[in-house]
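Reviewing the structure listed below.
The basis for the numbers below is simple: all heavy atoms, side chains too, and nothing from hydrogens, waters or symmetry mates.
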Amino acid sequence: MDSGATSHMTSDTGTLSTSQSPTRNTPSHIIVGNGSLLPITSVGRAYLHYPNSSFVLNNVLISPEIIKSLISACRFTCDNWCSVELDPFGLSVKDYPTKIEIVRCNSSGALYPLPADAYSSAASARAFVASSTNTDLWHRRLGHLGHEALTRLAQ
């Protein structure tokens, strides 16, 4: 889960239930923090299945060169009409109207992994949320612009 990602993205097509070639409305590449362009080879849909509910990930961008799968927090919450809440011990997905917790994902470190068995297809798929203490580190690792880069760009 990433609050800075504008789209869901992965390199693993095995996590998708459907995929197609990019359309005119699909970006041709992903821009990462160092300015590199990662090509988008296809777009698809994935589902996260849990015992009491499922979530859809629409318009997942496939780029073989991306290092970590990312879930756009904004798109996830809008498409599934839910909220995502972080705390020191994990991640909760809640039904937006009722605020009832749907899924709880505990963390054992600086990241909040979604359980591998939640995916409909590949058991090896993972997505992560960086904790606030390591935000700059993980933003650099995932290719996002940090404060320093944005300051240089503004100049």
Point to revise | Distance flag, aromatic centroids of F76 and F55, threshold under 6.0 Å | key: yes
Exercise for review: Heavy atoms only: give me the nearest A46-L16 pair and the separation to one decimal.
Suggested key: CB-CD2, 4.1 Å
Check your understanding: How long is the span from the NE2 atom in H29 to the CD1 atom in I31, to the nearest 0.5 Å?
Key -> 4.5 Å
Check your understanding: Do F89 and S107 have side-chain heavy atoms sitting under 4.5 Å apart?
Key -> no
Point to revise | side chain to side chain donor-acceptor pair (under 3.5 Å) partners for T6, two or more places apart | key: none
Exercise for review: Taking all non-hydrogen atoms of both residues into account, name the closest pair between C82 and V93 and its distance.
Suggested key: SG-CG1, 3.8 Å
Check your understanding: What is the minimum heavy-atom distance between D95 and I102, and which atoms define it?
Key -> N-CD1, 3.4 Å
Review point. Is L48 close to L57 at the side-chain level, that is, under 4.5 Å between some pair of heavy atoms?
Key: yes
Practice item. Walk me through it: do V32 and L38 pass the test side chain to side chain contact (heavy atoms under 4.5 Å, CB included)? Key: CA-CA 8 Å; V32 295; L38 306 181; 3.6 Å; yes
Point to revise | Ring-face cation contact, Y96 with K94, 6.0 Å cut, 45° max | key: no
Exercise for review: Please determine if D87 and R104 form a salt bridge, counting it only when a charged side-chain N lies under 4.0 Å from a carboxylate O.
Suggested key: yes
Practice item. Could you pull out the closest heavy-atom pair between V103 and S53, with the gap in Å? Key: CG2-OG, 4.4 Å
Review point. If every non-hydrogen atom of S63 is compared with every non-hydrogen atom of P39, which pair is closest and at what distance?
Key: OG-O, 2.8 Å
Check your understanding: Is it true that a side-chain atom of S17 and a backbone atom of R45 form a donor plus acceptor pair closer than 3.5 Å?
Key -> yes
**Study point:** Between N34 and S36, a side-chain donor and acceptor under 3.5 Å
**Key:** yes
Check your understanding: What's the shortest heavy-atom distance between P22 and T41, and which atoms?
Key -> CD-O, 3.4 Å
**Study point:** Separation between CG of N59 and OG1 of T26, rounded to the nearest 0.5 Å
**Key:** 7.0 Å
Review point. Between I40 and P27, is any pair of side-chain heavy atoms under 4.5 Å apart?
Key: yes
Point to revise | Of I62, N58, L61, the residue whose pairing with V43 passes side-chain contact (heavy atoms from CB on, under 4.5 Å) | key: L61
Review point. Just by distance, with hydrogens left out, do S92 and E85 show a side-chain donor and acceptor under 3.5 Å apart?
Key: no
Practice item. Show your reasoning for whether side chain to side chain donor-acceptor pair (under 3.5 Å) applies to S72 and H8. Key: CA-CA 5 Å; S72 166; H8 309 305; 5.0 Å; no
Revision key, fill the gap. Rounded to the nearest 0.5 Å, the OG atom of S7 sits from the CG atom of L70 at a distance of 10.0 Å
Revision key, fill the gap. Taken in chain and number order and not counting sequence neighbours, the residues that satisfy side chain to side chain donor-acceptor pair (under 3.5 Å) with E65 are none
